[in-house]
Amino acid sequence: MIKVEQLTFAYPNGMPVLENLSFEIKSGEFVALIGQNGAGKTTLLKQFNGLLKPTGGTVRIDGIDTRNSTTGILAQKVGFLFQNPDHQIFLPTVAQEIGFGPANLGCSREEIDRRVREAAAQVGLEPYLNENPLFLSKGQRQRVAFASLLSMRPQVMVLDEPTTGQDYREGIEIMEMVKALHRQGHTVIFVTHDMELVARYAERVIVLSQGRILMDDTCRRVFYQPDVLRRTNLFPPQIPTLVQKFDCYQEDFGTPLSVEELYATITGCGGEEYVHCS
Amino acid sequence: MSIVANYLNRDSVIHRLHPLTKLFWSLWVMGLSFLFSDLWSLAALFFSVVAIAAMARMLREMVPVFKGLFFFALFFWAFQVLLIAEGRPLLTLIPGNPGLRITDRGVFIATAMGFRLMVIASSFPVLLATTQMKDLVVVLVEKLKIPYSYAFMFITSLRFIPTFMNEMEQIIQAQCSRAHRLDSRNFVTRFFFNLPLGHSVVDYVGEKGGTDGHIHGNPRFRHWETDVFASL
C-alpha cells in the first residue's frame with residue numbers, strides 16, 4: 001500500500017528532517033509512529049498524502065509516486081486527520097463540513113448526503129448535523145474532522161496525534177472508532193506520545209529518532225527493549241515497565257502489554273474473566 | 001517557515017549596522033519609492049534592496065519573498081495596464097473597442113508601479129531579517145522616544161506575522177487533504193479555490209456565523225464562484 005524507499009527530506013532552510021528511510025506498510029496494518037518531538041513524525045506523515053514531497057528517494061501510495069501527484073488526488077486514497085481540528089473546520093454546519101471532501105471529489109448531491117449521514121453515524125454526530133462546528137467541544141470538533149475524513153472513504157487513515165487535548169474517555173472513543181475502521185480493512189497509521197494507546201491499539205510500531213528509524217517491529221518487541229527506546233526519550237507503558245523490574249520476567253510473566261494480559265498470566269484467567277473479576 | 005518578520009542570524013556588514021541606521025534606510029527607501037515616478041529610478045531602487053539583501057548574505061532566503069512579490073506585482077500590473085489610456089496604442093484587446101487597449105505609457109507606468117510595490121514590500125523584510133526584535137524595541141523607545149506601549153504593539157504585530165503565516169499554511173494543508181485544489185499549479189484555479197476560505201475567515205472574525213455553505217454538488221459550480229463571476 002505504502003512503499004517508502006530511501007526517503008530523504010529537508011525543509012527549504014536546509015535542515016534535513018528525514019534521512020534515508022525505507023519501509024513498507026501493507027494494506028490493513030495498524031501502525032504507530034512514535035518518537036520524541038522533532039524526530040520527524042509529522043513530516044513523515046505529510047509525505048503519505050503529498051503535502052510534502054521527498055527531496056530524495058520515493059514514496060509510493062498504491063504504486064503512485066507522490067512527486068507525480070497532487071494532494072487532492074492522493075486524498076482519495078489517504079485521509080489525513082490533523083492534530084488541530086480547527087485548521088480544517090471552516091463551514092457553518094457540521095453537515096456541510098463533512099460534505100466538503102466528497103463535494104471536492106465531484107460526488108453528486110445525493111451521494112454527498114448519503115456519505116454525510118453514514119460518516120456522522122459512525123462518529124456519533126447525528127444530533128449535531130445542523131450545529132455550527134466551531135461551537136462544539138474540542139472532542140466533538142475532532143470527531144467532525146474525523147467524520148469529514150471518513151466521508152471521503154480513503155483506504156489509508158493517517159492520524160496525527162488524534163487524542164491530543166482530549167480527556168481519557170474522548171481519546172479512547174476516537175481510538176475505538178479507528179479500531180472499528182481497521183477491522184473493516186482500513187490501513188491505519190497514527191502518531192502519538194501516549195504509549196498506553198500504542199500498547200492498546202497498534203500492531204506494529206515504527207520508532208523515529210532524529211529523522212531515522214530506530215526500530216520497526218511489533219508493539220510487544222518494541223516495548224520490551226527499553227534501552228533502545230530511552231535513546232529517543234521514550235518510556236514503555238506501565239505494565240511492560242513493571243514486568244521488566246522482575247528478574248527472569250519472560251519465564252514468569254511473558255511479555256504482557258496491558259493489565260488484562262498481566263492478570264491473565266498471573267491468574268490463568270482469560271480477558272473476559274478479568275473484566276468479570278474487576 | 002517564511003523569512004518574513006523572522007531574524008536570520010548571519011555575520012554580515014548589514015547585520016552589524018546600528019538598528020537605527022537600518023530603520024532609517026528602510027523608511028528612506030519607502031519614501032523614495034513614493035517620490036520617484038519613473039521606471040528606471042524605481043527599478044534601480046528595487047535592485048538596491050536586492051543588493052542590500054545580498055550584502056546581508058540572505059539572498060537565498062529572500063528569493064521566495066521576491067518571487068511572491070513579483071507575481072503579486074504582475075497581477076497588479078495586469079489590472080493597471082488596462083486602466084491607463086494615454087500614450088501610443090501597442091495592442092487593442094478587442095478590435096474596434098478603444099477602451100480596452102494597452103499603450104506604451106500604460107506599460108511604462110504599470111511597470112513602475114509594480115517596482116514601487118516590490119520596493120515598499122521588500123525593504124521591511126530585509127530590516128527585520130537583519131535586526132533582532134529586542135534591538136528594534138530599544139531603538140524605538142530609547143532613541144526615537146516612542147512610548148513603550150506603541151513600540152510593544154508594533155513589535156507584537158510583527159512578531160505574530162510568522163505565526164499567522166504558519167497557521168495559514170496549516171489551514172491550506174488541511175483543505176488540500178480534503179481534495180480542495182489549493183495546491184494546483186494553475187494560479188487562477190488556486191486563487192478561486194482560496195476565496196471560500198478567506199470568506200469564512202472574514203465571517204468568523206466578524207462573528208457573522210460562517211460562510212454561505214452551498215458546497216454540495218460539482219465544485220466547479222458552487223455559488224460563491226458564480227457570485228464572483230457575476231460581480232465581474
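So that the names make sense, note that chain A is the first sequence line, chain B the second, and so on, each numbered from 1.
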Can you confirm whether more than 12 heavy atoms, excluding those of [X], are under 6.0 Å from its [atom1] atom?
X: Lys138(A); atom1: NZ; result: yes
X: Phe124(B); atom1: CZ; result: yes
X: Phe154(B); atom1: CZ; result: yes
X: Phe48(A); atom1: CZ; result: yes

Write out all pairs satisfying side-chain hydrogen bond (donor to acceptor under 3.5 Å, both in side chains) with one or both partners inside residues 111-127 of chain B, taking only residues at least two apart or from two chains. Trp77(B)-Thr111(B)

Test side chain to side chain contact (heavy atoms under 4.5 Å, CB included) on Gln173(B) and Phe80(A) and set out the steps. CA-CA 10 Å; Gln173(B) 287 189 353; Phe80(A) 197 108; over 6 Å; no

Note: Ala179(B) and Ala75(A) closest approach over all heavy atoms is N-CB, 3.9 Å

For Arg178(B) and Asn104(A), work out which heavy atoms get closest and say how close. O-ND2, 3.0 Å

Short side-chain to backbone donor-acceptor contact, Asn49(A) and Ser177(B), under 3.5 Å: no

Which side-chain N or O atoms in residues 125-134 of chain B pair as donor and acceptor under 3.5 Å with protein atoms at least two apart or in another chain?
| unit_1 | atom_1 | unit_2 | atom_2 | d |
| --- | --- | --- | --- | --- |
| Thr130(B) | OG1 | Val126(B) | O | 2.8 |
| Thr130(B) | OG1 | Leu127(B) | O | 3.2 |
| Thr131(B) | OG1 | Lys22(B) | NZ | 3.4 |
| Thr131(B) | OG1 | Leu127(B) | O | 2.8 |

Which of residues 82-89 of chain A get closer than 4.5 angstrom to chain B, counting heavy atoms alone? Phe82(A), His87(A), Gln88(A)

Tell me, please, which residues at least two apart from Thr164(A) pass side chain to side chain donor-acceptor pair (under 3.5 Å). Glu161(A)

